[in-house]
Amino acid sequence: ASTLPSPSGSASPAASPSPAPGVLLAPKRLISISKLHTCVALRGRKLQCWGAGIYGQTGHGNARSIGATAGSLADSEPLVPLLPGTSPIVQVTCAEFVTCVLFESGQVQCFGHGQYDGYPGNTFHGSAANKPANGGGAVAFPGGRLARFIDASKIAACAVLTDGELSCWGSSGSSLPALGHGAATSQVFDPSALPVITLPVGVQGRVAQVQITTSNSGRERTLVLTEEGSVWGWGLNSGGVLGVDHTNDILVAEQAEQVH
């Protein structure tokens, strides 16, 4: 099979991060595509993105599209500027307006989404601010924790931390607290400013993976999978998509009853 040409090398697996004792290691994802752009992790600590950069989500601090015309991918800025001193990339997540990168060290770098000041989890940067991907620093998690799995939607993001806890930030898209904290806060751009999201007392297993999506109405919903195999969700529940045997919107985590 053919591969996309790159001036800096071909995509290759990166070393696995060291999980905390007893924590399930999340799978690596080194290529990701959204409605507007694509990013791929290359050998070592290198990242290349292309597509529409209208919100700065391709990482170069401008709104130019890359790859839409012949030769534009090769002639563009070849690599996304990453934070200095970071370790190899183990996961890339492209959402419609934002890109998040997880490093082997557990640090997370997000960029793009100039519409929501600070959504990437650090200081505002993106096309509107004319700042590149490394202009905002690493995402700061509660208590100085590090991450082992990430996911992002159009206007919010979540990270599974190395101790199996969960941190989410961004916008819920409405007054519904779909970020899972059970509080009427619709926009939180600094994850370190909120406590981690906890599942109900007695739930066995730490969080292993998370997925967060934005509905067509612009509201968030989130699902998490624990190490023991239970599924929990919150946010917009139209059509019963969260699997909790009702269609009411959910403020704090409820278990998906149909998953055994």
For Cys110 and Val139, which heavy atoms make the closest approach, and how far apart are they?
SG-CG2, 4.1 Å

Side-chain heavy atoms nearer than 4.5 Å, only ILVMFWY residues, links allowed to pass through others: does that put Leu161 and Leu146 together?
no

Rounded distance [0.5 Å steps], CD in Gln109 versus SG in Cys100:
9.5 Å

Minimum-distance pair of heavy atoms, taken over all atoms of Ala41 and Ile89
CB-CG2, 3.8 Å

State plainly whether the residues Arg206 and Asp163 are in salt-bridge range, i.e. N to O under 4.0 Å.
no

Distance in Å, Thr162 OG1 paired with Phe149 CZ, rounded so as to fall on 0.5 Å steps
15.0 Å

If I take atom CG from residue Leu83 and atom OG from residue Ser105, how far apart are they, to the nearest 0.5 angstrom?
9.0 Å

One pair to check against side-chain contact (heavy atoms from CB on, under 4.5 Å): Ser192 and Phe141. What are the steps and the verdict?
CA-CA 4 Å; Ser192 67; Phe141 294 112; 6.0 Å; no

Would you say Cys49 and Cys94 have SG atoms less than 2.5 angstrom apart?
no

Nearest heavy-atom contact between Ser153 and Ala95 is O-CB, 3.0 Å

For residues Gln107 and Ala138, report the shortest heavy-atom separation together with the two atoms involved.
NE2-CB, 4.0 Å

Report yes if some heavy atom in the side chain of Val80 is under 4.5 Å from a heavy atom in the side chain of Phe111; otherwise report no.
yes

Any chance you could lay out the side-chain contact (heavy atoms from CB on, under 4.5 Å) test for Leu47 and Val101, step after step, and finish with the verdict?
CA-CA 9 Å; Leu47 183 70; Val101 178; 3.6 Å; yes

Could you go through the side-chain contact (heavy atoms from CB on, under 4.5 Å) check for Thr38 and Gln48 one step at a time?
CA-CA 8 Å; Thr38 298; Gln48 187 171 15; over 6 Å; no

If you round to the nearest 0.5 Å, how far is CH2 of Trp50 from CZ of Arg64?
15.5 Å

Would you compute the distance between atom SG of Cys39 and atom CD of Gln57 and round it to the nearest 0.5 angstrom?
8.5 Å

Flag the pair Glu165 / Val207 as yes when at least one side-chain heavy-atom distance between them is below 4.5 Å, and no otherwise.
no

Which heavy atom in Val210 sits nearest to a heavy atom in Asp151, and how many Å separate them?
O-CB, 3.5 Å

Can you tell me how far the CD1 atom of Ile212 sits from the CG atom of Leu223, to the nearest 0.5 Å?
10.0 Å

Within the 4.5 Å heavy-atom criterion, are Thr93 and Leu102 side-chain neighbours or not?
no

Between Ser167 and Trp169, is there a side-chain donor-acceptor contact under 3.5 Å, judged purely by atom types and distance?
no

If we ignore angles and hydrogens, is there a donor and acceptor under 3.5 Å between the side chains of Thr86 and Arg45?
yes

Before giving the answer on side-chain contact (heavy atoms from CB on, under 4.5 Å), spell out for Val98 and Tyr55 the whole-Å C-alpha distance, their side-chain angles and the decisive distance to 0.1 Å.
CA-CA 7 Å; Val98 74; Tyr55 295 102; over 6 Å; no

Is it true that Leu79 and Ile31 fall in one hydrophobic cluster, defined by side-chain heavy atoms closer than 4.5 Å?
yes

Looking at every heavy atom in both Gly51 and Thr58, which two are closest together, and how far apart are they?
O-CG2, 4.1 Å

